[in-house]
Amino acid sequence: MNKKFIRFSAIALLFAMNTYAQEQEPKQLDEVVVSDSKFALPKEKSGKVIVKITAEDLKKKSGQSVASILSTVAGVEINGNQSRNGKDLGLYIRGGRNHQVLILIDGVPVTDASGISLSYDLRLLPVEQIESIEIMKGASSTLYGSGAATGVINITLKKAGKKAIAGNAYMNIGTQTVAKKANYSVQDYNQGFVVNGGFEKVNYFASLNSTETTGISEAKPLNPNTKFENDAFSRVNSLVKIGFTPTKKLSLDFFANYDRMKNGFDAGSFADDLKNFSLSEQFRVGFTPKYKYNKGELVINTSANVINRDIFSYGSLFQAKSRSVNVDAFNKYEISSQLFVVTGAQFQFHEMSNVSQYDAITTEIAKFNMIDPYVTAVYNSGFGLNLNVGARYNMHSKYGNNLVYNVNPSYNFSESFKVLASYSTAFVTPSLYQLYSPYGDLNLSPEKDATAEAGFEVSLVNKKVVLNAVVFQREEQDAIGFDLMTYKYFNVNGKNKAKGLETMISYAFNDKVKFNANYTFTELEKQSRILNPKHKVNASVDVQAAPRLAFNVAYQFVSDRNFEYTTYPAPTFDPVLNSEVLKNYQLVNANVRYELIKNRLNVFGAVDNILDNDFIETRGYSTRGRNFKLGLNFLF
């Protein structure tokens, strides 16, 4: 890290310590997090700065997608969230890429075993099903295994309420138009309903959601006078959860869900196509028994999913199927009131097949499994020291064994001021496609990652102000690349480094007005193909104007991004690597919510990109201009 970067971090730490000395009336924090130990832990005893998006936070962002909401978190960039509905998403945390971020849904890892990089498609998930989200950045393979190299996004879905029967029905409508070419007809529809409740020892939850959007071409014409076909997007999601608690110590939870997404897409940057489409279907089932005993708790997360994908492009059909099974059994045992240990073992099985006119991969060939025993110890002393240490031993059926570990100390000088540090390692397995496709290599090694970070969190002015900052340095080794000359996947020689700063501040002026902001600085040694901004700022103001009326105004700045792309010029069509700088952009969004009938009917209105800023998110693709959305939610 350069001297300016270190100097800035030291000044920020000294400022926080100096301000802390003036704090006289600390209050007990009561927020809990689960991502860094798999069990509820008071936030002030966690050695990580974990961002939690609560149900109340999600209300303030009514009408936005999961990707748009996540992209407002410090250190997180999701490229494609400002494009039309259905645009493929690039998920970048701390300079990493999609396959280095692990997505959990209700504690269960989700992935597409037939995908190029084993990553999960966030487009499948409607925000209306979500209760809360935790984002933990840094290498986290000790607790979560393969894929948790730059961060973990832990999504908790909604669950049953306390009434015998309750629910809600909702409908949102909106526009879909590009900047400077206003077309404010309704072209975005989202609707659904939820029924939930419980009686005696049984609870249940069921939801159905559908989304249909037209109005924007995926590709952007080079000539502004050229008109491309609008690319449609549709999605259906159903979810059923059933819980049974035969005793106070034992609970049994079941879930099943079905997701279907159909999406038109174009032939690439600046290139229209009238026939291309993709169709994805996902089936997920799972069972989670939990048993609490005198000194701890045993949890077994089990799940299985099947994903079928049909992709029609360039005049041919590509069909892919995948199946994954996950069993994660872990136990928390309290050795004392200050020390508990989490021991566990995780089994994962993945297989895939695909068929096209060019090649075929069968499930008899393309499959592997992993068995990972792991242990984590969490110590919370009575004098301020907290320590989280652990290790995982990965045993892979294809490439052998791998050890990862983490060390995460933190120290609470008081309930208002905490310093933290960590060093953690991670691994990312090659995907089945990278191993077994015609472009694959069976001798690929897993990617290895390591992250070092240090920072602080301080609360001031009687807890009205909360400030935190974390500096990090990340290294990846044996990254998997694609050779454009041999058309083969390979392990890249050497190390790729990233470093940065993430800082957040919140200020509650009073119980009606709150301000939140974050800033992210990320610098990559090798830009690769990452659309990663060096600087990013998010800020918002929330106002509870009246008991039933609230509004939110949000601002986002995204700096210049380096972009590399390949062309294949005639007559030889040999690949040529090109680069371009995409200019910075700024967005202003607003949201207003009103409780029309108390405890029964809520309505909202939202405006995105109020200034109708015409910007480039990805070269050659459309972005949304000023758009409006209206919605209502009826509770019963």
Side-chain angles (χ1 to χ4, degrees), residues 34-39 47-48 96 99-104 107-111 113 118 136 138-152 154 296-303 324-333 335 339-351 367-379 387-409 422-432 434-435 442-452 474-480 491 495:
V34 299
S35 296
D36 65 340
S37 66
K38 290 196 174 183
F39 292 92
K48 293 278 191 176
H99 69 281
Q100 296 168 314
V101 181
L102 183 64
I103 309 293
L104 306 175
V108 177
V110 286
T111 189
L118 280 178
M136 182 174 68
S140 306
S141 284
T142 297
L143 274 179
Y144 295 106
S146 176
T150 63
V152 173
N154 191 356
E297 182 177 1
L298 173 66
V299 179
I300 305 176
N301 274 335
T302 67
S303 68
S324 297
V325 176
N326 177 84
V327 180
D328 187 9
F330 51 97
N331 179 74
K332 173 187 176 183
Y333 183 77
I335 297 174
L339 175 65
F340 69 84
V341 176
V342 178
T343 55
Q346 184 175 12
F347 169 79
Q348 294 184 69
F349 170 81
H350 301 289
E351 68 176 12
K367 62 177 69 175
F368 63 61
N369 64 71
M370 293 177 280
I371 301 175
D372 301 11
Y374 60 91
V375 59
T376 289
V378 179
Y379 172 66
L387 183 63
N388 184 317
V389 296
R392 172 183 288 245
Y393 191 62
N394 170 243
M395 295 178 284
H396 195 284
S397 62
K398 176 63 188 71
Y399 65 73
N401 306 330
N402 190 46
L403 176 69
V404 292
Y405 61 92
N406 79 285
V407 180
N408 178 202
S422 71
Y423 182 81
S424 50
T425 62
F427 67 98
V428 183
T429 66
S431 69
L432 289 165
Q434 291 166 341
L435 290 170
L442 290 173
N443 295 313
L444 287 174
S445 300
E447 178 186 301
K448 301 175 183 66
D449 290 76
T451 301
R474 188 176 68 81
E475 293 183 350
E476 61 184 42
Q477 189 172 355
D478 292 329
I480 297 175
N491 285 114
K495 295 181 179 180

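On a predicted model such as this, the values are computed, not experimentally measured, just so you know. Atoms considered below: every heavy atom in the structure, side chains included; atoms not considered: hydrogens, waters and symmetry mates.
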Problem set entry | Test log, rule side chain to side chain contact (heavy atoms under 4.5 Å, CB included), inputs K38 and N301 | CA-CA 11 Å; K38 290 196 174 183; N301 274 335; over 6 Å; no
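Between M370 atom CE and F347 atom CZ the span is 9.5 Å, to the nearest 0.5 Å. Taken to the nearest 0.5 Å, the OG1 atom of T376 stands 4.0 Å off from the CG atom of L143. Going from atom CG of L104 over to atom CE of M136 covers 8.5 Å, rounded to the nearest 0.5 Å. Distance check, rounded to the nearest 0.5 Å: CG of L298 to CG of N331 gives 5.5 Å. Between H396 atom NE2 and N369 atom CG the span is 7.5 Å, to the nearest 0.5 Å. We find the OG-CZ distance between S146 and R392 to be 9.5 Å, quoted to the nearest 0.5 Å.
Across P373 and M395, no two heavy atoms sit closer than the pair CD-CE, 3.7 Å. Here the closest heavy-atom approach between residue L432 and residue A113 is recorded as CD1-O, 3.7 Å. When all heavy atoms of A329 and I300 are compared, the closest pair comes out as CB-CG1, 4.1 Å. Shown here for D372 and G145, the closest heavy-atom pair between the two residues is OD2-CA, 4.4 Å. Here the closest heavy-atom approach between residue G47 and residue N408 is recorded as O-ND2, 2.9 Å. Looking at every heavy atom in both residues, E447 comes nearest to A479 through OE1-CA, 3.7 Å.
Aromatic rings from F330 and Y374 are positioned such that their centres are separated by 6.0 Å or more.
A donor-acceptor pair under 3.5 Å is absent between the side-chain atoms of K332 and the main chain of F340, judged by distance alone. Without hydrogens or angle criteria, K398 side chain to L442 main chain gives a donor-acceptor distance under 3.5 Å. Judged by distance alone, the side chain of Y144 and the main-chain N or O of S35 form a donor-acceptor pair under 3.5 Å. Judged by distance alone, the side chain of N406 and the main-chain N or O of T142 form no donor-acceptor pair under 3.5 Å. The closest donor-acceptor contact from the side chain of S424 to the backbone of S140 lies at 3.5 Å or more, if one exists at all. Of the possible polar contacts, one joining the N491 side chain to the S445 backbone as a donor-acceptor pair under 3.5 Å is found. Remark: the backbone N or O of G138 is not paired with any side-chain donor or acceptor of R474 at under 3.5 angstrom. Of the possible donor and acceptor atoms, none in the side chain of N402 sits under 3.5 Å from a partner among the backbone N and O of P446.
Within the 4.5 Å cutoff, no side-chain heavy atoms of Q348 are placed close to those of T429. With contacts defined as side-chain heavy-atom distances shorter than 4.5 Å, the pair I480/P430 qualifies. Two residues are said to be in side-chain contact when any heavy atoms from C-beta on lie closer than 4.5 Å; L435 and Y399 fail this criterion. Residues H99 and L118 are not in side-chain contact: their nearest non-hydrogen atoms beyond the backbone lie 4.5 Å or more apart. When side chains are defined from C-beta on, Q346 counts as touching P109, because their heavy atoms get closer than 4.5 Å. With a 4.5 Å cut-off on side-chain heavy atoms, T451 and D449 do not count as touching. Using a 4.5 Å heavy-atom cutoff, the side chains of V341 and I335 are in contact.
For S324, the side-chain hydrogen bond (donor to acceptor under 3.5 Å, both in side chains) partners two or more places apart in sequence, or in a different chain, are H350. Y405 pairs by the ring-ring contact (aromatic ring centres under 6.0 Å, His included) definition with nothing, not counting sequence neighbours. Residues satisfying the salt bridge (charged side-chain N to carboxylate O under 4.0 Å, His left out) test with E297, not counting sequence neighbours, are none.
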